[in-house]
Every structure is written in structure tokens, then in C-alpha cells.
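Data block below; observations after.
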Amino acid sequence: MSEQLVPVLVLTAVVIVFAAAMIGLTFLAGPKRKPTPEKQLPYECGIVGKEHETTRFPVKFYLTAILFILFDIEVIFLYPWALVYGDLLKFGPFILVEIIVFMLVLTFGLFYVWKARALEWD
Amino acid sequence: MGTTWLEIIINTVKIAAIFVIVVSTVPLLVWVERRGPAFMQNRLGPNRVGPLGLLQLAADAIKFIFKEEFIPTKAEKILYFMAPGLTLLPAALTFAAIPLSTPINILGYTFKLQIADLNIGLIYIFAVASLGVYGILAAGWSSGNKYAMLGALRASSQMISYEIAMGLSVVGVLMMYQTFSLNQMITEQFGYFSFLWQGSAVELKFLPNWGVFFQPLAFILFLTATFAETNRLPFDLPEGEAELVAGFHTEYGGFKFNMFFMGEYGHMITSAALITTLFFGGYALPFISPEQVREFWIQNGHTLLGFTGLSMPDIASVLTTITHLVVFLAKTGFWLFFFIWVRWTLPRFRYDQLMDLGWKTLLPWSLVNLALTTALMYFARIVK
Amino acid sequence: MELTAADILFYLFGFVSVVSALMVVFVSNPIYSALLLAVVMSILGIFFFNLEAHFIAAAQVVVYAGAVMVLFVMVMMLFDLKREKEEVARFSILTVLKIISVGVVCGVLVGAGAMITGDGMGFIKVSTTEAPPPPSMLLKSDINAPTKQTTNPEELKDEVVEITQNPQAGVEIFTKYTDTQKLSLKLFSKYIFIFELLSVLLLVAIVGAVALARSKGGTHHVTRGS
Amino acid sequence: MQDQKGAHTMLHVGLNHYLVLSGVLFSIGVLGVLLRKNALIILMSIELMLNAVNLSFVAFSKYAQNMDGQIMVFFVMTIAAAEAAVGLAIAVAVFKRFKEVNIAHFENLKG
């Protein structure tokens with residue numbers, strides 16, 4: 001394991017031990033009461049919920065997740081470019097032209113998403 | 001983590017200590033969150049338990065431990081138990097890359113006051129922060145409650161929408177510092193405001209060399225995006241007490257509920273620390289670089305601490321580290337108070353306004369900021 | 001060259017990733033298999049970090065574990081697959097045939113992996129009479145030599161020279177760069193055409209996904225003019 | 001590496017350990033595609049196969065001291081993400097139509 005990563009792994013171990021200890025403590029220290037049926041129902045501010053079989057959820061959320069992936073890759077490609085842009089500018093606008101083409105294409109993508117009202121929340 | 005056993009032990013103790021400090025500041029923040037707005041709204045806030053209500057923190061913490069452990073019947077047992085851990089773990093891991101102060105070199109060993117000095121510090125924080133969505137989705141789905149599920153979906157789609165805006169707004173900062181490691185970013189923010197414009201230096205003596213003066217638009221975008229990322233008001237619709245009761249952690253009680261709080265406040269602390277490191281010079285004093293602070297302590301360090309057996313440079317390095325730690329805590333403390341301050345001044349967004357703000361204002365504006373920085377750097381570096 | 005701490009952690013994480021990959025395929029509830037796949041991808045991120053591909057490790061966790069798998073988990077939760085939790089296709093003769101064929105594929109892959117480094121890694125008895133097969137052309141330097149500087153200085157310099165048009169600047173820039181900057185240097189000099197093509201690919205994916213959602217049966221169906 | 005202490009040297013992690021791990025993960029992905037009926041699990045198994053390939057790319061890139069491997073991982077990552085995005089959009093369309101995500105329904109995806 002490279003030298004920089006070991007502290008992160010140690011911190012993960014510390015966090016897991018802390019979380020397990022606390023939940024264990026609650027399990028030991030907490031009062032043990034017989035779970036009454038009312039308490040077991042999902043909490044709906046006192047109203048007994050009509051739980052039909054498949055709760056219909058608005059499926060619209062998946063489109064945001066899809067667009068998130070595609071724009072996240074654009075951001076990931078910008079990071080290495082950002083590190084090198086300053087130094088390579090000394091050698092001509094070549095590095096500038098590359099990113100202008102890349103960003104134009106993807107800004108058109110964002111513009112299409114905006115105009116196609118794909119992100120509309122009624 | 002160092003080669004000899006002594007260094008490994010000390011580093012492990014340091015990691016555990018920093019984690020415990022971060023976890024113990026959460027009740028402190030809860031206390032400030034209850035006393036601060038009470039002061040703003042001209043009321044008292046908790047002051048019964050202990051002086052100024054400070055022991056209220058301990059009372060809350062112990063109360064959480066003695067709560068009854070209960071699981072709703074419709075819950076998915078395994079995921080229901082894992083969800084709090086899944087929110088706490090990323091929040092704690094993101095704090096690993098933040099540099100708290102200058103390294104201490106004492107008795108021949110040097111210890112970095114930072115859990116992990118990663119050379120990919122910034123995107124390590126974004127990578128681990130993006131894993132926080134799993135805890136929210138797992139909590140919402142596994143508690144078997146319709147409203148919790150809806151709250152989880154809203155919270156996660158809000159978080160991922162603002163992740164792009166946060167990522168893009170930071171690109172401008174990266175172009176300026178040309179490094180991911182947060183330590184190098186701080187070293188480039190020493191001294192007063194100066195930059196090279198086509199070869200000739202431009203200096204403004206009255207401004208510190210902080211990132212916020214180079215990238216004001218990126219600062220505003222990053223600040224707004226961090227508010228949304230940590231589900232803080234005015235972006236906390238998924239947990240909006242009015243509609244969704246408590247959003248994705250409705251079915252949780254006792255310490256599991258507290259772990260969700262720790263996750264949220266952990267993200268808040270890391271975001272405040274990130275804002276200070278990226279835009280406000282991290283642990284460095286405004287116009288004074290750590291070397292000058294060391295010189296200062298070497299001159300009159302011995303008058304203060306004559307009795308410790310350490311040699312003179314050790315005392316000086318310890319004192320510089322302490323001063324820089326105080327500076328870092330002051331700056332991060334201010335931004336934490338800013339998070340709480342905004343919570344009690346701005347009303348909550350409606351969900352479509354919230355998503356529109358993410359996709360249709362923050363994202364285009366960060367593209368504008370990117371274009372602006374590119375153009376400025378192009379003209380600044382082309383020597384006519 | 002005996003067992004170091006790094007090796008132990010490699011074997012630990014390797015074991016965990018193989019077990020969770022197996023559970024991804026064989027667990028009945030699809031949401032648990034999606035979360036387990038996210039675990040596999042984060043562990044691969046850790047492996048990338050050890051292979052000195054620091055930026056790729058962060059990109060892997062951000063893109064795969066933090067975006068693609070979030071989409072999978074969200075879609076599965078939206079489908080509310082209480083009824084979907086059907087079993088893996090049970091033991092028909094076809095399944096047995098499939099498992100055997102996959103076993104053979106795995107054996108071939110592992111064998112190829114071992115052979116490529118010439119010494120057969122102890123699994124395959126490389127007959128020492130004739131010389132062990134030289135490392136194949138694609139690996140220019142000796143495999144098990146202690147890893148020199150991450151990037152072959154001579155090899156990358158021509159990229160730097162190509163982009164900077166003057167050799168002296170190339171060497172000067174090249175020496176002070178970190179891994180990520182060398183990666184981006186190569187990405188923006190030698191592979192620039194593919195980089196531009198990728199933006200078109202992303203645009204096609206964006207338009208495709210949105211068009212699919214707006215289609216007649218889709219979620220964001222927009223009647224003309226509304 | 002060719003000395004007699006086969007046991008010791010084999011344990012020290014070299015290129016072939018990463019290749020073996022990548023081969024095993026790839027085979028598990030193939031197994032997932034062949035055995036499962038749920039379209040989403042098949043898409044996930046394909047992602048697993050692509051990740052195994054990424055691992056061997058990076059392993060080669062380190063041990064051959066050549067950055068091309070890491071750049072190839074970039075491209076594989078982009079294509080895999082675009083494929084997952086559009087694949088899931090199709091899976092949602094099929095689910096809305098047939099209320100089930102069994103791959104049996106995928107063959108009546110008409111033009």
C-alpha cells in the first residue's frame with residue numbers, strides 16, 4: 001500500500017470501530033421493551049397509512065442521475081487539463097483550442113437538455 | 001505512517017485524536033445551532049443544563065445511547081443497520097485530506113498535522129463525498145416508509161445535481177494553483193496579492209494573496225454548492241420538517257439517528273475547512289508566511305517556555321504549529337458560524353426552484369467562470 | 001523480497017473484491033448486488049492508487065462508484081422490485097454448461113496472465129531446459145525490475161517535445177511534473193483526437209437519454225407545443 | 001524472480017498477481033451475464049467486466065512504465081458510463097411498458 005493511503009485505511013478502521021461500539025452500547029444500555037404493533041408501523045404522523053402493494057414512485061429522478069453521470073465525466077476530463085493549461089500556454093494556443101472544442105460540444109449538450117425541458121419538475 | 005514503531009503509534013493516536021475531535025465538535029455545533037439563533041431571535045435557548053447550557057451537549061449524547069433500540073417490521077434489517085454507518089464513513093474520511101497546521105519537528109521526528117497528505121487531496125475529497133449518497137439512499141429505501149423513500153430520492157438527486165456545479169467551480173481554482181494537493185495550495189497563498197500580467201508583476205500590498213481575490217465567482221459558486229451538498233438550509237427540503245417529517249431518517253431513533261446528524265455536520269465541517277483552504281489561505285496568517293512566524297517564535301520563544309527540556313528549534317516549531325492551528329480553527333469556525341447564520345435568515349426553496357438553481361444557474365455560471373479564467377490566463381501568459 | 005505489509009493488504013483487498021464480485025452475481029436482491037458492486041469498484045480504486053495511478057483512482061471512485069452505481073441503485077429503488085427478487089436461473093443442464101465454460105475462460109485468462117511474465121508464477125511448470133519465453137514485445141523493459149521512475153523519461157520526452165516544439169523546454173517541463181500532469185500532457189498531445197471524439201460520444205449519450213425519456217411512453221413525454 | 005525459493009517470491013506482489021485478479025473478476029462478470037435473467041444485473045456484470053479490464057490496463061501501465069495504459073482507462077471509463085446511462089434509460093422504458101425487467105421483454109423492442 002502506498003505510503004499516503006495507509007492513514008486513510010487506519011481512519012476507516014477507527015470509524016468502523018467507533019460506529020460499532022456506539023451501536024453495541026445502545027444495544028446493551030437501551031431498554032428492552034416488547035415491540036407493540038403500533039410502534040412497528042411506518043411513521044406517518046399518526047395516520048394509518050394505506051399501504052398498497054407497489055408504491056408508485058415518480059420515475060423522473062432517474063433522468064437527473066443519467067445526466068449527472070455524463071456531465072461528471074466532463075468535469076473529470078477538465079481536471080487534468082486544468083493542471084497543465086498554465087504551463088503549456090507558453091507554447092502556443094494549441095492547448096486552448098482543444099478545450100474550446102470540447103466545451104462547445106458539451107455546452108451544446110447542456111443547452112439541448114435545457115431546451116428539451118428534460119429537467120422540468122412539475 | 002513512518003517507519004519506526006514509535007512513529008506508527010504516534011500517527012495512529014493522532015488519527016484517532018483528530019477523528020474524536022471532529023466527532024466531539026458535532027454536539028458543540030448543535031449547541032451553537034440552538035444558542036445562536038436563540039440570540040438572533042431574542043430568546044434564550046438551552047441554558048438550564050450546566051453553565052450557558054453547555055452540558056446540554058453531554059445530556060443529549062447520553063440520552064441517545066439510552067434510547068430503545070427498535071426496527072420497523074417492514075425494514076430491510078441488514079441495510080437498515082448499515083445506512084447510518086454508510087453516511088458517517090464518507091463524512092469522516094473526507095476530513096483526512098485537510099491540512100490543519102504546519103508539520104511539527106520535535107526530537108528528530110516530524111509529524112504532519114494532517115491525517116493523510118495525499119497528492120490528490122482535492123479530488124480525493126470529491127470522490128469520498130460522492131459516496132455519501134449511498135447512505136441516504138440505503139436509509140430511505142430500507143426503512144420501508146414511503147415518505148422516507150421519497151425524501152431519500154429528493155436528497156440524493158439534489159446532492160448529485162450540485163456535485164457537478166461544485167466540481168466545475170473548483171476547476172477555475174485548479175487552473176490557478178495547478179495542483180491537487182491542499183498543502184501546495186496553501187503554500188501558494190502566502191504574502192500579499194500579486195500576479196504576473198504579461199511578464200510585468202502587479203501587486204496590491206493591502207490584500208492578502210488569497211484565492212478568493214483571484215476567483216471571486218468560483219468562491220460564490222462553491223459556497224452555494226456546498227450548502228446544497230450538505231443539505232443545509234435553504235437547501236434542506238428533503239428533510240423539510242413540514243412535509244417529509246424527517247426525510248430519509250424518519251424511522252431511525254437513538255444513536256443511529258445521531259449518526260446521520262454526525263454525517264451531516266461532518267460534511268459541514270469539511271466544507272468549511274475546504275473553503276478556508278481553497279479561498280482563504282488555510283492555516284496561514286494573512287500577510288505572514290510560516291517561516292516569519294518561526295523566526296518570531298525563535299526570537300522570543302524562550303522567554304515564554306524556559307522550563308521545557310526541548311531544544312530551542314523544537315519549541316519554536318511547536319509554537320508555530322499551535323499558532324497556525326489557532327488561525328485555522330478561527331477561519332473554519334467563522335465559516336461554520338456562517339453556515340448556521342444563513343440557516344436562520346433564508347427561507348427554504350421549493351423543490352423545482354432548487355433543482356433549477358442547480359442545473360440552470362450554478363452550472364452555466366461555473367462554465368462562464370471557467371471561460372473567464374481561461375481567457376484571462378491566456379492573455380496574462382502571452383508575453384507580447 | 002519476503003511478505004511485506006503492502007502484500008498482505010493486497011491479498012486482503014483482493015479477497016474481499018473477489019467475494020463481493022461473486023456476491024454481486026449470486027445475491028437475490030438486486031439492490032444488495034448494486035451496493036456490493038460499488039464496494040468492488042471502490043476497492044479497485046484503492047488498487048489503482050497503489051499502482052501509482054493516483055488520478056485514475058480518484059476518477060474511478062468519482063465516476064464509477066459515485067455516479068454509475070448511484071444510477072443503478074436509484075433505478076432499482078424506483079422499480080420497487082419487491083416482486084422481482086427472483087432466483088438465479090436454477091440448475092438446468094444449460095447452467096452447468098455455462099459455469100464450466102466460464103471456468104475454462106477463467107483458467108485461460110489466469111494462465112495467460114502467469115505466462116506473460118515468463119516465470120509461470122509457480123503455477124505452470126515452465127520447462128527450464130529451453131530459455132523461458134522472453135517478456136513479450138509489448139513490455140519493453142524487464143517486468144520484475146524494481147520499478148524505476150513512474151514514467152519512462154526518454155519515452156515521454158518526445159511527446160513533450162512534439163507539443164512544445166523545442167527540446168530544451170520539453171526536458172525542463174517534464175522533470176518537475178507530477179504523475180497526473182504527465183498523464184494530461186500525454187492525453188493532450190498524443191491522444192487529442194480521441195479526446196475530442198469523446199465529447200461527441202457524451203453529446204450523443206445525452207441526446208439519446210433525453211430523447212428516450214421524451215418519447216411517447218417515456219417519463220418526460222412532452223406533447224407538441226405544450 | 002527465477003530463484004528456487006518459489007514460495008517466497010510468488011507471494012511478493014508483481015504484475016502477474018494483478019493480472020490474475022483481473023482475470024478472475026472478468027470471469028465473474030461473464031458468469032453474471034450468462035446466468036442472470038434480470039436486465040439490470042446483466043448491465044452490472046458488463047460494468048464489472050470493464051472494471052476488470054481497467055485493472056489490467058493500469059497494472060500493465062505501471063510495470064511497463066508507459067502512461068498509455070492509464071489513458072486507455074480514461075476512454076474505457078467514458079464509454080462504460082455512456083453505455084450504462086443509455087442502457088438504463090432503455091431498461092426504464094421497458095419497465096414502464098412491461099412492469100418487469102426480465103430480459104425476455106427486450107426482444108419486442110421494435111423500431
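Numbers restart at 1 for each chain; the letters A, B, ... are given by sequence-line order, proteins then strands.
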Quiz item: With respect to chain B, which residue among A:Val84, A:Asp72, A:Leu96 yields the maximal number of heavy-atom pairs within a distance under 4.5 Å?
Solution: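 It is A:Leu96.
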Quiz item: Between A:Tyr79 and B:Phe180, what is the ring plane arrangement, given parallel below 30°, perpendicular above 60°, and tilted in between?
Solution: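 A:Tyr79 vs B:Phe180 ring planes: perpendicular.
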[X] and [Y]: which non-hydrogen atoms are nearest, and at how many Å?
{"X": "B:Gln178", "Y": "A:Ala82", "result": "NE2-O, 4.3 Å"}
{"X": "A:Thr64", "Y": "B:Ser157", "result": "CG2-O, 4.4 Å"}
{"X": "B:Lys360", "Y": "A:Trp114", "result": "O-CH2, 3.2 Å"}
{"X": "B:Ala16", "Y": "A:Val14", "result": "CA-CG1, 4.4 Å"}
{"X": "B:Ala92", "Y": "A:Val15", "result": "CB-CG2, 3.6 Å"}
{"X": "A:Phe68", "Y": "B:Trp359", "result": "N-CH2, 4.0 Å"}

Heavy-atom side-chain contact between [X] and [Y] under 4.5 Å:
{"X": "B:Leu370", "Y": "A:Ile99", "result": "no"}
{"X": "B:Val23", "Y": "A:Met22", "result": "no"}
{"X": "B:Met262", "Y": "A:Phe18", "result": "yes"}
{"X": "B:Thr374", "Y": "A:Trp81", "result": "yes"}

Please state whether the side chain, the backbone, both or neither of [X] comes within less than 4.5 Å of a heavy atom of chain A.
{"X": "B:Phe126", "value": "side chain"}
{"X": "B:Tyr124", "value": "side chain"}
{"X": "B:Leu118", "value": "both"}

Quiz item: In terms of heavy-atom proximity below 4.5 Å to chain B, should A:Ile100 be classed as side chain, backbone, both, or neither?
Solution: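 Neither part; nothing is under 4.5 Å.
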Exercise. Check whether A:Leu11 gets within reach of chain B through its side chain, its backbone, both or neither, counting any heavy atom under 4.5 Å.
Key: both
Exercise. Would you please test B:Asn11 and A:Val6 for side-chain contact (heavy atoms from CB on, under 4.5 Å) and show each step?
Key: CA-CA 11 Å; B:Asn11 275 329; A:Val6 176; over 6 Å; no
Practice problem: Residue by residue, scan residues 166-176 of chain B and write down, ordered by number, those that have a heavy-atom distance under 4.5 Å to chain A; if none do, write 'none'. | Solution: B:Gly167, B:Leu168, B:Val171, B:Leu174, B:Met175
Self-check item: Those residues of residues 80-91 of chain B, ordered by number, that approach chain A below 4.5 Å (heavy atom to heavy atom)
Solution: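 Checking residues 80-91 of chain B against chain A gives B:Phe81, B:Leu88, B:Leu89.
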Quiz prompt | More than 12 heavy atoms from other groups under 6.0 Å of NZ on B:Lys112 | solution = no
Quiz item: CD1 of B:Ile123 to CD1 of A:Ile76: how many Å apart, nearest 0.5 Å?
Solution: 6.5 Å
Quiz item: Roughly how far, to the nearest 0.5 Å, is CG of A:Leu89 from CE of B:Met377?
Solution: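 It is 6.5 Å, given to the nearest 0.5 Å.
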Quiz prompt | Closest-packed option against chain A by number of heavy-atom pairs under 4.5 Å, given B:Thr179, B:Asn258, B:Ile18, B:Asn119 | solution =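 Result: the option with the highest number of such pairs is B:Asn119.
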Exercise. Flag the one option from B:Val128, B:Ile164, B:Ile160, B:Val20 with the top tally of heavy-atom pairs under 4.5 Å to chain A.
Key: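 The residue among B:Val128, B:Ile164, B:Ile160, B:Val20 with the greatest pair count is B:Ile160.
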Quiz prompt | Under 3.5 Å donor-acceptor, B:Tyr378 side chain and A:Pro93 backbone | solution = no
